[in-house]
Number of protein chains: 2
Amino acid sequence: MEYFPAPLEKLTEQFARLPGIGGKTAQRLAFYVLRLPEEEAQEFADAIMDAKRSVTLCPVCRNLSAGGLCPICAAPKRDSSVICVVADPRDVAAMERAREYHGHYHVLHGVLSPMNHVGPDDLQIKPLLDRVAKGGVEEVIMATNPDTEGETTALYIARLLKPFGVKVTRLAYGIPVGGHLEFADDATLMRALEGRQEL
Amino acid sequence: MEYFPAPLEKLTEQFARLPGIGGKTAQRLAFYVLRLPEEEAQEFADAIMDAKRSVTLCPVCRNLSAGGLCPICAAPKRDSSVICVVADPRDVAAMERAREYHGHYHVLHGVLSPMNHVGPDDLQIKPLLDRVAKGGVEEVIMATNPDTEGETTALYIARLLKPFGVKVTRLAYGIPVGGHLEFADDATLMRALEGRQEL
């Protein structure tokens, strides 16, 4: 015998499919939704479809956008001669929070990962090359994550950009601000030493 | 400047309102939904409204039901002379999993809790009294949680049932099966001793 009505079981299953949500948590969330006033449940359901339908990719930088150019590409004050290449829209948010960068972005939506069957055609690499080919770009900053896949992707794209004669740079490696030397791993320390700067 | 399109921010907020879901997790879930195929996002949104709209309370036992009598009240083989009173539909599921009980249920949808402004009128107590008043009920088993609020609720209802002359019982307290005496708390050990049975 089923313990709960089918529509409730179905909602639980839907929650359980979300990443990091187990069976017990999914059940708790489903019960919570069941107790919401109808308008609030409707708002939740609408938010899902609104996000799904109205969020598109910016035609220029491939960042998420609510239709048309994203706010960064549309901003007249930003420096369009520099493009910072990131793997994910959340990396754009992280860079923006640092308030140090005033150029444009390009979002790849992933990194090269043969293990997960992600090849160059699955990423937004072609639109990046098209942007650079159009001219006006002086520097491309590779800001993928400092792990194997991020590194590989950065090197791969740097090679493709070579023929265009633009400067290609990579974010600096080193010990994080506020970090402790004694807790830094060997690879980071080595990179910090290699990248040491004159005071 | 907002970092993400408004519909995405809104979906993140909706997720963040769910119990136990923090800001970072909400963002991760919102991004996940954004990457779902449209049909799957629609399924999710529909599941919310389906659950909200089609799950009702069983007119007899107040358990969740997909319209009309719940499967337990509708089952002809179950013993309608015994009613097990629980606080939550999930407690019905727990009891059913034990496969020992074959009577009917009554779901209160909460326990008395002056701290949280939950009084008798906020619970499904009246429908229970009506059921007992109709006759045919011989025993009411109080199966609220063994904490202060559960106890208070059980005692309160037991007093209301007294005039009807039905037998009112309470689930046994004691050491949990598979538990270790050395880890049992004092109150549990005391109750286990009080409730000792002849072998």
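Every chain is numbered from 1, with letters handed out A, B, ... down the list of sequences. What you see is a predicted model, and the numbers here were worked out from it, not measured in a lab.
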**Complete:** In short, A/A93 meets B/F4 closest at the heavy-atom pair CB-CZ, 3.6 Å
**Asked** So which of B/T25, B/L36, B/V33 actually passes side chain to side chain contact (heavy atoms under 4.5 Å, CB included) with A/L18?
**Response** B/V33
**Prompt:** Quick one: what part of A/V92 sits under 4.5 Å from any heavy atom of chain B, side chain, backbone, both or neither?
**Reply:** neither
**Asked** How many angstroms lie between NE2 in B/H109 and CZ in A/R35, if you round to the nearest 0.5 Å?
**Response** 7.0 Å
**Message:** Quick check on B/R97 against chain A: is it the side chain, the backbone, both or neither that has a heavy atom closer than 4.5 Å?
**Reply:** both
**Fill in**
One option among B/S54, B/A66, B/P19 has the most heavy-atom pairs under 4.5 Å with chain A, and it is B/P19
**Request:** To the nearest 0.5 angstrom, please state how far the CD1 atom of A/I21 sits from the CG atom of B/L29.
**Result:** 5.0 Å
**Message:** Do A/V132 and A/Y105 land in one hydrophobic cluster if side-chain heavy atoms of ILVMFWY residues count as linked below 4.5 Å?
**Reply:** no
**Request:** Could you pull out the closest heavy-atom pair between A/L34 and B/A51, with the gap in Å?
**Result:** CD1-O, 3.3 Å
**Asked** Is chain B contacted by the side chain of A/R17, its backbone, both, or neither, given a heavy-atom distance below 4.5 Å?
**Response** both
**Asked** In Å and rounded to the nearest 0.5 Å, what is the CZ to CZ distance from A/F44 to B/F44?
**Response** 4.5 Å
**Complete:** Rounded to the nearest 0.5 Å, the OG atom of A/S65 sits from the CG atom of B/L8 at a distance of 11.5 Å
**Asked** Should the pair A/D88-B/R28 be classified as a salt bridge under the 4.0 Å nitrogen-to-oxygen rule?
**Response** no
**Message:** If I measure from the heavy atoms of chain B, does A/D46 come under 4.5 Å with its side chain, its backbone, both, or neither?
**Reply:** neither
**Request:** Would you indicate whether B/D186, at its atom CG, is surrounded by more than 12 heavy atoms from other residues, nucleotides or ligands within a distance under 6.0 Å?
**Result:** no
**Enclosure of A/E194 CD (heavy-atom neighbours >12, cutoff 6.0 Å)** = yes
**Request:** Give, as side chain, backbone, both or neither, the part of A/E43 having an atom under 4.5 angstrom from any heavy atom of chain B.
**Result:** both
**Prompt:** Judged by atom type as modelled, is there a donor-acceptor pair below 3.5 Å linking the side chain of A/K52 to the main-chain atoms of B/Q42?
**Reply:** no
**Largest heavy-atom contact set with chain A, pairs under 4.5 Å, which of B/A47, B/C70, B/A30** = B/A47
**Asked** Which atom names give the shortest non-hydrogen contact between A/P7 and B/V55, and what distance separates them?
**Response** CB-CG2, 4.0 Å
**Fill in**
Bottom line for A/Y32: the part with an atom under 4.5 Å from chain B's heavy atoms is side chain
**Complete:** The reported gap from CD in B/E38 to CE in A/M49 (rounded to nearest 0.5 angstrom) is 4.5 Å
